[in-house]
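Written out below as structure tokens is the structure these notes cover.
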Amino acid sequence: MDQEKTDLRVLRTRAAIKQAFIELVVEVGLDRMSVKSLTERAGINRKTFYLHYETIEALFEDVLTEVMDDFFANYETTPDVPEDIDGHAQRFFLFLAGQPEYVEKLVCTPSYYRFGEKVYYEQMDRYKEAGNPFVPMSEGAQTLLHRFIRATALDFYRVWVAEGKKVDPEEAAQLLSDLTCRGVEPLLRS
């Protein structure tokens, strides 16, 4: 019984920390957030925060990992059909385009790019392990190709956001898919 109470308290505390983090990401941004503002918003003390997370960046990674877990659990089908690279590109873009504002800020805040990229790259390794259509290539070539696809998709989304989302999400998703699978040559005028 005591273990259940402890677990419930831990879950509530973590939920309060994450909710405070999400609110502050939207209100003040990642760059201006501090452990102090986070703990005040969550209604906990600093020591409690550090019992759950070593740093704000660790919390950032945890929240973004949950977002990527949601993508892979509920939207991504590529492991079932590895050669569906164009479908993956579209699903990834449309998933991000449909996320709440805090996710956009987590992915698109320049000073936190390395954390977002790390989480995204780790999650994309699932794709590579679950179904890799590039197996005939050397390991080195596969690494380059996967890195290109990952970086392109992430940067494409970030530029779309930075430019004010002027292109319809469906059209942008299709463009990302076309570029990922066929490059720019088919888009050049003859």
inquiry  = Between Asp62 and Thr65, do the side chains contain a donor N or O and an acceptor N or O under 3.5 Å apart?
reply    =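 Not at all, the side chains of Thr65 and Asp62 share no donor-acceptor pair under 3.5 Å.
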Any [X] side-chain heavy atom under 4.5 Å of [Y] side chain:
X: Asn45; Y: Thr48; answer: yes
X: His52; Y: Val10; answer: yes
X: Val107; Y: Val103; answer: yes
X: Thr109; Y: Val25; answer: no
X: Leu30; Y: Lys105; answer: no

Can you hop from [X] to [Y] via hydrophobic side chains spaced under 4.5 Å?
X: Leu179; Y: Leu144; answer: no
X: Val167; Y: Phe95; answer: yes
X: Val26; Y: Leu64; answer: yes

Lys166: partners by salt bridge (Lys or Arg N to Asp or Glu O under 4.0 Å), with sequence neighbours left out =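 Counting only residues at least two positions away or on another chain, Lys166 forms no salt bridge (Lys or Arg N to Asp or Glu O under 4.0 Å).
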Looking at [atom1] of [X] and [atom2] of [Y], how far apart are the two atoms once the value is rounded to the nearest 0.5 Å?
X: Leu24; Y: Met33; atom1: CG; atom2: CE; result: 5.0 Å
X: Phe49; Y: Thr13; atom1: CZ; atom2: OG1; result: 12.5 Å
X: Leu38; Y: Ile56; atom1: CG; atom2: CD1; result: 5.5 Å
X: Arg12; Y: Gln19; atom1: CZ; atom2: CD; result: 15.5 Å
X: Cys108; Y: Leu154; atom1: SG; atom2: CG; result: 8.0 Å
X: Tyr102; Y: Ile22; atom1: OH; atom2: CD1; result: 4.0 Å

inquiry  = Check this for me, if you would: do Arg158 and Glu163 make a salt bridge, where the nitrogen-to-carboxylate-oxygen distance has to be below 4.0 angstrom?
reply    =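 No.
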Show every donor-acceptor pair shorter than 3.5 Å between a side-chain atom in residues 169-177 and any protein atom, with sequence neighbours excluded, or say none if there are none.
{"residue": "Gln174", "atom": "OE1", "partner": "Gln90", "partner atom": "NE2", "Å": "3.3"}
{"residue": "Gln174", "atom": "NE2", "partner": "Asp178", "partner atom": "OD1", "Å": "2.8"}
{"residue": "Ser177", "atom": "OG", "partner": "Asp86", "partner atom": "O", "Å": "3.3"}
{"residue": "Ser177", "atom": "OG", "partner": "Gln90", "partner atom": "NE2", "Å": "3.4"}

Parallel, tilted or perpendicular: ring planes of Phe92 versus His88, cut at 30 and 60 degrees =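 Rings of Phe92 and His88: parallel, under 30°.
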ask   = Going through the distances and angles, do Glu104 and Lys165 end up as a salt bridge (Lys or Arg N to Asp or Glu O under 4.0 Å)?
value = CA-CA 12 Å; Glu104 179 180 301; Lys165 303 177 187 177; 2.6 Å; yes
query = Taking the six-membered ring of Tyr53 as reference, does the NZ or CZ atom of Arg14 fall below 6.0 Å from its centre and within a 45° cone about the axis?
reply =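 Yes.
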key: Glu23 vs Lys18, salt bridge (Lys or Arg N to Asp or Glu O under 4.0 Å): CA-CA, chis, key distance, verdict   = CA-CA 9 Å; Glu23 291 170 8; Lys18 287 179 182 177; over 6 Å; no
ask   = Any idea which heavy atoms bring Val63 and Phe21 closest together, and the distance?
value =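 Shortest heavy-atom separation between Val63 and Phe21 comes out as CG2-CD2, 3.8 Å.
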request  = Compare every heavy atom of Tyr157 with every heavy atom of Ala97, then report the nearest pair and how far apart it is.
outcome  =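 So the two residues come closest at N-CE1, 3.9 Å.
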ask   = Can you name the residues that form a ring pair (Phe, Tyr, Trp, His ring centres under 6.0 Å) with Phe156, not counting sequence neighbours?
value =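 Expected list: Phe93.
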